[in-house]
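Whatever order the structure lists them in is the order used to number ligands and atoms, beginning at 1. These numbers come from the heavy atoms of this one structure, side chains and all, not from hydrogens, waters or symmetry mates. The structure presented is a predicted model; accordingly, all values stated were derived computationally and were not measured.
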Amino acid sequence: MIEVKNLSLSYSNKKQKVQVLNNVSLSVAKGEIYGIIGKSGAGKSTLLKSLNLLEKPDSGSVVIDGIDITKIKKDELRKIRQSIGMIFQGFNLLNSKTAFDNVALPLILQGKLTKSEIKTKVDGLLALVGLSDFAHKHPDSLSGGQKQRLGIARALTTDPIILLSDEATSALDPETTNSILELLLTINEKFGLTIVLITHEIDVIRKICDKVAVIDKGVIVESGTTVDVILHPKHELTRKLIIEEESHRYLEQVSDFYKFDKTDNSHLVVISFIGNTAFDPILGQISHELDITFSILRGELGRIKKMPFGQMLVEVRGSVSQLDNALKIFKQLNVHYELIA
Ligand SMILES: Nc1ncnc2c1ncn2[C@@H]1O[C@H](COP(=O)(O)OP(=O)(O)O)[C@@H](O)[C@H]1O
Ligand SMILES: [Mg+2]
């Protein structure tokens, strides 16, 4: 559905040239929710905008549904842009217009539908996002979550095949974030809409993305299925983003109660289980077999999209060779581990 190949983009000012995207390639299949995660300034927004050429790359190609949009004429590009909806962290709604008119505007501009056809369509979209009762309100009087619902309805008016989301939940509280993510998931499943979203929050990736790419200083440093990348991160930045940062943050939070002392007989390990393994009594068995003990410092059982997983931060007490044996068993059982101290 979307093939980005060797995309590079730079901004030049008088003094210097800043390389914002460096040889970025990625491939998004039809119906997929594809997440791009990275720190602030990594180039996420620029990359997202280059998918519909709101930003023009210096080199490389963007192929949408078989068409290289870097090579087509302006009016062809305009048509393709209509099949790509966009939502933003700051909502980008028109405050002078009602919720209804915000959604209707793209259709009025398009000029293809009659007034009553537009009404049917807009009413349907407002119902889809749960805003039927707010059609005549202005965005100013809506909550953050409602504004984003309205943003989503507006993005869907032209029946896009792709939805681009730039930090759509970053301004929202966790509960509202969840409800918006649920809505995106519903739309993705109901209409087979392909979604590319950028975020700096790993939770957003975990909850709804099928695939993820990690971007750092304009370079994609790692990509793959969400399950693989989250549970078996390869790149240092990804590890930091996902495992180590969370574990270290946690240890800091509980430092009044627990302090880890690194000795030859105590080790900190993060272990991750996926699928059926998540429910197996692995730690108990290993402890029994190898005569070592585990203290579970932090544990999480959850799902990555639909796949069950468990992740634990444990202190292992045992000699280095006992630890090695335990890690060998983890490997045999396909349990991923990360020795963090
Ligand atoms: N119009 C611009 N002119 C010059 N530099 C820019 C412009 N837009 C973005 N940048 C720079 O490009 C880098 C990436 O920006 P952006 O894509 O917004 O990152 P992100 O969305 O990951 O926070 C930043 O260093 C930013 O300062
Ligand atoms: Mg940004």
Side-chain angles (χ1 to χ4, degrees), residues 2 4-28 33-62 64 69-70 77 81 84-93 144-145 147-148 151-152 154-155 162-174 176-177 180-181 184 194-209 211-224 226 229-230 233 235-242 245:
I2 307 172
V4 174
K5 282 204 195 92
N6 307 112
L7 201 74
S8 290
L9 189 152
S10 58
Y11 293 117
S12 305
N13 57 26
K14 281 167 216 144
K15 285 189 204 130
Q16 56 178 351
K17 189 172 135 181
V18 186
Q19 192 74 33
V20 178
L21 297 176
N22 199 340
N23 221 20
V24 168
S25 297
L26 49 90
S27 172
V28 183
I33 304 186
Y34 196 104
I36 299 167
I37 185 165
K39 293 192 227 168
S40 160
K44 302 181 296 294
S45 294
T46 309
L47 174 55
L48 199 73
K49 280 186 262 177
S50 63
L51 297 183
N52 58 4
L53 294 199
L54 288 177
E55 293 281 355
K56 302 267 180 320
D58 304 336
S59 59
S61 58
V62 179
I64 306 271
I69 61 170
T70 61
L77 179 60
R81 276 193 184 140
I84 306 177
M86 221 169 168
I87 54 176
F88 308 88
Q89 175 174 1
F91 318 118
N92 292 21
L93 299 163
K147 282 182 198 159
Q148 196 54 281
I152 292 170
R154 185 195 45 192
I162 296 168
L163 180 69
L164 305 178
S165 165
D166 188 341
E167 303 264 6
T169 57
S170 296
L172 307 174
D173 61 69
T176 313
T177 291
I180 295 294
L181 294 178
L184 290 178
T194 305
I195 300 179
V196 181
L197 65 84
I198 61 175
T199 181
H200 62 275
E201 292 171 307
I202 196 67
D203 255 359
V204 170
I205 303 286
R206 192 168 6 227
K207 285 193 178 120
I208 66 167
C209 293
K211 295 237 184 85
V212 57
V214 183
I215 185 170
D216 184 32
K217 300 189 190 88
V219 177
I220 303 280
V221 295
E222 178 161 4
S223 63
T226 305
V229 173
I230 288 197
H235 192 272
E236 207 189 306
L237 174 81
T238 322
R239 289 203 179 132
K240 279 224 169 83
L241 225 57
I242 295 166
E245 224 161 77

List the closest protein heavy-atom neighbour of atom 18 (O) of ligand 1: residue, atom name, distance to the nearest 0.1 Å. S45 CB, 3.7 Å

In the protein, which heavy atom is nearest to atom 8 (N) of ligand 1, and how far is it?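 Atom 8 (N) of ligand 1 sits closest to the protein heavy atom Y11 CE1, 3.2 Å.
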
Heavy-atom contact under 4.0 Å between S40 and ligand 1?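 In this structure, S40 qualifies as a contact of ligand 1 - some heavy atom is under 4.0 Å.
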
Below 4.0 Å from ligand 1: does a non-hydrogen atom of K39 turn up there or not? yes

Using a 6.0 Å cut-off, check whether atom NZ of K56 has over 12 heavy atoms from anything other than its own residue. yes

Are the side chain of R154 and the backbone N or O of G85 linked by a donor-acceptor pair below 3.5 Å? no

Flag: protein heavy atom within less than 4.0 Å of atom 27 (O) of ligand 1: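 Within 4.0 Å: no protein heavy atom nearby.
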
Take atom 13 (C) of ligand 1 and look for protein heavy atoms under 4.0 Å from it; say yes if you find one, no if not. yes

Do any of the N, O or S atoms of S40 sit under 2.8 Å from the Mg ion (ligand 2)?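 No N, O or S atom of S40 is closer than 2.8 Å to the Mg ion (ligand 2), so no.
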
Go through the side-chain N and O atoms of [X] and [Y] and say whether any donor and acceptor fall under 3.5 Å apart.
X    : Y    : answer
Q16  : Y11  : no
S8   : D58  : no
T238 : E222 : yes

Return yes or no for this condition: an N or O of [X] is under 3.5 Å from an N or O of ligand 1.
X   : result
G43 : yes
G41 : yes
A42 : yes

If every non-hydrogen atom of I37 is compared with every non-hydrogen atom of E201, which pair is closest and at what distance?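 In this case the closest contact between I37 and E201 is CD1-C, 3.7 Å.
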
What heavy-atom pair brings L172 and G145 nearest, and what distance separates the two atoms?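 Smallest heavy-atom distance, with atoms named: CD2-N, 3.8 Å.
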
With backbone taken as N, CA, C and O and side chain as the heavy atoms from C-beta onward, which portion of V20 lies under 4.0 Å from ligand 1: side chain, backbone, both, or neither? side chain

What residue among V214, I33, I36, T226 forms side-chain contact (heavy atoms from CB on, under 4.5 Å) with I205? T226

Atoms of ligand 1 under 4.0 Å from any heavy atom of T46, numbered from 1 in the order shown, are 15 (O), 16 (P), 17 (O)

